[in-house]
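In what follows, a single structure is set out as structure tokens and then discussed.
Within every chain, numbering begins at 1; the chains are lettered A, B, ... in the order of the sequence lines, protein sequences first and strands thereafter.
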Amino acid sequence: MTAITRSLGNVSTVGKVVIPLLVLILVVGPLVTVLLATVIGPWVVGVANSNLGILRFVVAITGILLFSIPAAFIIIYMELKVIAYMNLRVGPNRVLPAGAAHSVIAGLKVLTKEDFSPTSADKTVFTWAPVMVFLTAVMTFMVIPFGPGLVGAPLNIGLLYLFAVGGMTVVGLLLAGWSSFNKYSLLGGLRSAAQVVSYEIPLTLSVVGLILLAGTLSIDSIARQQAGWVWDWFVFRQPLGALIFFIAGVAEANRTPFDLTEADSEIVAGFATEYSGMRFGFLFFAEYVNVFIMSALIVTMFFGAWNAPVDINAVLGFFHLAPFWVYLQPGELGLGLLLVIAVAPLLVTLALSAPVYLLRDSMPAWKALVVGFILFNLLVIGALGLAAYIDWDWVAGLVWFMLKAFIFVFVFVWMRGTFPRVRIDQLMGFAWKWLLPAALLNLFITAFAIVILKSAGIH
Amino acid sequence: MTAPVQPHYPHPSADDPRIMLDAQIGQYEQVPPYPPRTEREAEFYTLGDGEMFLNMGPQHPSTHGVLRVVLKINGEKVVDLDPVLGYLHRGVEKLCENSDYHHIISQIDPLEYVSSLFMEWAPVMAFEKLMDVQVPRRAEYIRVLTGELLRIASHALFQGWMALDLGGLTPILYSFIERDEIVEMLAAVTGQRMLFNYFRIGGVNGDLNHEFMSRLGDWMSRAAVQHEANIGLLNENEIFVRRMRDIGRVDRDTALRMGVTGPNIRAAGIPFDVRRAHPYSVYPELEFNVPVRGSNGGGDSLDRYLLRLDEVRESIRIIDQCLHEMPDGPVMARLPRLMRPRPGRAWAAVESPRGLFGTYVISDGTDQPFRFRIHDPSFVHLQLVGMLMKDNLIADTMAVMASLDPVMGGIDK
Amino acid sequence: MAMTPGGAETAAQAAEDSAPGGEAALVKAAPGDVSSPIIVPNTLWTSARPNSYESTAARFTHLRELEHSDLMLSDTARWGQLEVIPTKADLIIDLIRMNSLWPLLSGLACCAIEMMSAATSKNDMDRWGMFPFRASPRQADVLIVAGTLTTKMAGPLVRLWEQMPEPKWCVAMGDCTCSGGRYKRSYSTIEGIDRVMPVDVYVPGCPPRPEGLIYGMMKLGQLVKERRGHWPEHPIGPNVPQDV
Amino acid sequence: MDRTLRTRLAAKLADRLTGPIRQRHDQTEIRIRPADLIEVMRVLHDDPELEFVILADLAGVDTGDTMQVVYHLWSNKTPDWLRVIAEGLPRGDPRAPSLTGLWPGAEWMEREAYDMLGIVFEGNRDLRRIYMPPDYKSFPLRKDFYLPDDSARGPGGGVRHVEEPYAPLAATTRSIRRTVKA
């Protein structure tokens, strides 16, 4: 025993960790495997089978957590680059082509910064407030349908859940502002409380008309009702509602021109003034996740969710064509399939690199081959993507959904590059004097129209 | 001589009872930490019900440098405020009193770093009065030309800062393009981008050169159009206009009593422009208007903003006239190297982009001035902030302060 | 009267402008007569809140103490216990930091304008990932001291520096911050900020061109990569031996 | 040079002036006692023939044995700048009446003169240091405040005692010469 201790004392820190772990794995590993195979495995499967809903929820929230990070990175990169071009600048362009990784680099750097809390701050609240902000943002994702069936939790009261959870963001901001023990933070937190609470009302009311029209609170159902052509989208039946929802959404996401909570020129960085390191990273992330959520919501409610703007079946029907279908059955080719897999890449690569080589004098052969290979890969990916798009509903839905959502993200970024900031009294006045009556008007007109149309027998 | 040894002091606050107490209570709100010394300080540092202090600066994004403003706020409303200066006090006056007359030009240059040619102009004029020097006409035209160029650059920066303080990101970058072009142009003739050190007693340091003229020609060919485009960028923005209208209104009487000059007094409806009120250089020979804005009730932030845009238009006119009317000839008077003016006093004032910039020199017969006094317009204008901001919102502080266009270098000397 | 009056008109004036002659009029400065000296360095260097680090008093109040301590001799001075992390990971972290240096939005004087100019369209600092000027020191990596540092501003500036989280770097921009520059003789300026805080990169010039600042920032990036988490060699304060 | 201004001033303020009215280039200069300051300024400001409405500058001057406060005024009625010198303030306890009642904008300039030269303006309700820190004791623009010579400080001088007035030996040779002359 002493020999073992002595030799353990000689190994490095890494070794001290690794060697006991190895021993543990060697001894415990087989035991666990046997147990898993005989007893625990069937039991887990049984439990999972009987609790499919919960399992689905856990998988979904994990997926969404994983998804929210690249989404935020892409939006941050987009903001850096788009605003740079609006400013007649180039923007970040050092890490990866066109500086594509600069947002990731910044995120990682923030992660490795020192993370401390001020002396007089309420440490518990100070630590957990960013988590709360981020968590509410991510929880909102749960009910957003990214495509047909691609939804974390298909609640039938999805809208209600959305507003209930979305409204909790302000609690996180308020806690962050209050616990920092900084007057700028406090002002920022209070401003965000006033702002979000005020804009929550027109935001919710603007959707009530839509609910009356759709007759449901389920987001999935609302999305399905917008299938078909562009003019089936709710934005054409609820233009005022869409406008109010958009404006209130900008205010909810704390974006320019309503970014009073972190107004640089007034209250330094608002509720985030005292945050550094990863806690600041959380707040920063949550802001951009919120931007994506707002865009996604606008798309889901008013801009046809995952539906394509063209009803492809109707078009095909007009030309008396059968619905397009991929007739390729790979299994029927038999041995030929192997031949294709072996030869096709080579031939296609050569075929693609030949024109490149011939058309450009300065191109050496190996470079042309590389270009050809890349083109071939792109071709294959494109073909596979097209096949997936045609074959699977959810791929098509995801493509359209992301496209539309990022168009709205672009609008958010555009506004940031363009607008000055409004003042707090103008902000509140706008919410209560204009948006709220307009939302109510929208609601009454919708209800009135529905009653009239129903009594007239038109649906 | 041995250098003084830096003694090692124990941590002074380790057992400081006041700090210990603060740590126990958890607050550090004793502002100021000493008993009030003046009536005004006692009044300001007494908190009413529901009020608190908010300390802005010396490092704050919108205080235009190292100004510190202590706000007494009630919620979002500013009850009172107390600007604290001196964070950039470089002792320029004392340094100038210890430098000879040529040297002073470079000492005073960085005072108002946005428009440093005007900082050279006033002392140079004062020295010329003191020494009875006649400046060649070409040199006077060059002074006017470069000065007006710099005025445009300064007003362009003002436009950008105004937008930045109201939360707009983009205009500042556009105005910096304009400013960089002008500054590079001036660098071609002076050799420096910001602190030109170009004017001399009795003329300017070097004639205009080819690169300057070609750059200027390029710029002039599109200056007016570009200016109108820059105006359109902000003036048609509803948020921007609403943020500035009816904020920080200065009426005529206040403007006079507070010693306001420059664009700020013209925006209050009083056509006081040193170039016309007390003409110097070749300004009497040039045609330009003194733009005035503001109704009977005085001018608000928007007036001050718009007036500067009007001034840019006039400056472009002046530059055009200078280019057409500039005579040939020498750019420096013949002067001895070592200057010992007769004992006497001289005062000279120029219209800088911010207002009346004056210098007052007393000579005692040596090659250094006995007393050298600098009067900077921003210093006077900043006083207004305390008066204008009462019962406005925190966000308006930025709008008003930006519209007064203070530069801390000049304020703090 | 040593002064010779220049003319008839100014004779009386000169008499009024200047004091009567003689040694008697010379006001002797005795120690305590006009003032008592204020010692600058320690008020600058002591933390305003000694217990601000996790409720414990700081172990060191001067970098000079740190220099002589065992902490400074080991590699762990800045990053803490890093033995578990392989060296290459350290390099990757440094590469990341090098490409994302967020400056603090703080300018002192003239150089601040050129600092802003470095970030604008013509000289785009954002290309190296240096752009988002953070307004709060908690989120900044680099303190670009742009402009003359006065004795009154020294305290707040050091406090800003203390408020920035590690790892942090300092760029001294302009002659005034490097050495005192043209205001070296003044009674209210500090001759170079390296008297009050450590400096990583000096960018001379009055003011330096924006390209100069960008070059300095790129040099800083190089330093971040090469220095691998070590402090600069020189300590704070006068680095000339006391016997000189 | 506006000769009519000279006659007008002489007519209005004959008994207040302590010296002759001087004119040079575009400046007219009058000298008064500090005790008369407010009345003189009121006349200058209010009189319809003078109407000096703009206070362009307020400067304190330390001449070595006495102090002066110098005002520069502008009026639409004359092409000259008017310089008003309130002279003869004792150097040990320089006191002058404040002009903040007439021009509230003079407040900070008076604070500056107080900060730099120690001139106390009676009636200014906010007379505290404006540039230097509140605990600063000396007055930098006074003539007995010497700027140190570059060579007087060793290269390893470190952070100097900013406020210590240097004894003449350590001060610039030039400033010593001037002071001795004066």
Exercise. Taking the six-membered ring of C:Trp102 (Phe, Tyr or Trp), confirm whether the NZ or CZ of A:Lys113 is under 6.0 Å from its centre and within 45° of its axis.
Key: no
Nearest non-hydrogen partners of [X] and [Y], listed with the distance:
| X | Y | answer |
| --- | --- | --- |
| C:Pro167 | A:Thr112 | CD-O, 4.1 Å |
| C:Ala119 | A:Arg89 | O-CD, 3.8 Å |
| A:Ala106 | C:Ser100 | CA-OG, 3.6 Å |

Quiz item: Under a 4.5 Å heavy-atom cutoff, which of A:Ala269, A:Ala272, A:Ala101, A:Gly91 has the most pairs with chain C?
Solution: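 Sorted descending by pairs with chain C, the first entry is A:Gly91.
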Quiz item: Okay, side chain of C:Gln139, backbone of A:Val110: is any donor-acceptor separation there less than 3.5 Å?
Solution: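 The answer is no, because no donor-acceptor pair under 3.5 Å joins these two groups.
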Exercise. Please determine, among C:Leu101, C:Asn99, C:Asp141, the option with the most heavy-atom pairs under 4.5 Å with chain A.
Key: C:Asp141
Quiz item: Which value, rounded to the nearest 0.5 Å, describes the distance between C:Ser136 atom OG and A:Asn182 atom CG?
Solution: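 Reported to 0.5 Å precision, the distance equals 8.0 Å.
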Practice problem: Flag the pair C:Arg138 / A:Thr273 as yes when at least one side-chain heavy-atom distance between them is below 4.5 Å, and no otherwise. | Solution: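 No, side chains not in contact.
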Practice problem: Check whether any side-chain heavy atom of A:Glu274 sits under 4.5 Å from a side-chain heavy atom of C:Pro137, and report yes or no. | Solution: no
Self-check item: Portion of A:Val95 that has a non-hydrogen atom of chain C nearer than 4.5 angstrom
Solution: side chain
Self-check item: A:Tyr184, part contacting chain C, at a heavy-atom distance under 4.5 Å
Solution: neither
Quiz prompt | Residues of residues 120-130 of chain C contacting chain A, heavy-atom criterion under 4.5 Å, by residue number | solution = C:Thr120, C:Ser121, C:Asp124, C:Asp126, C:Arg127, C:Trp128, C:Gly129
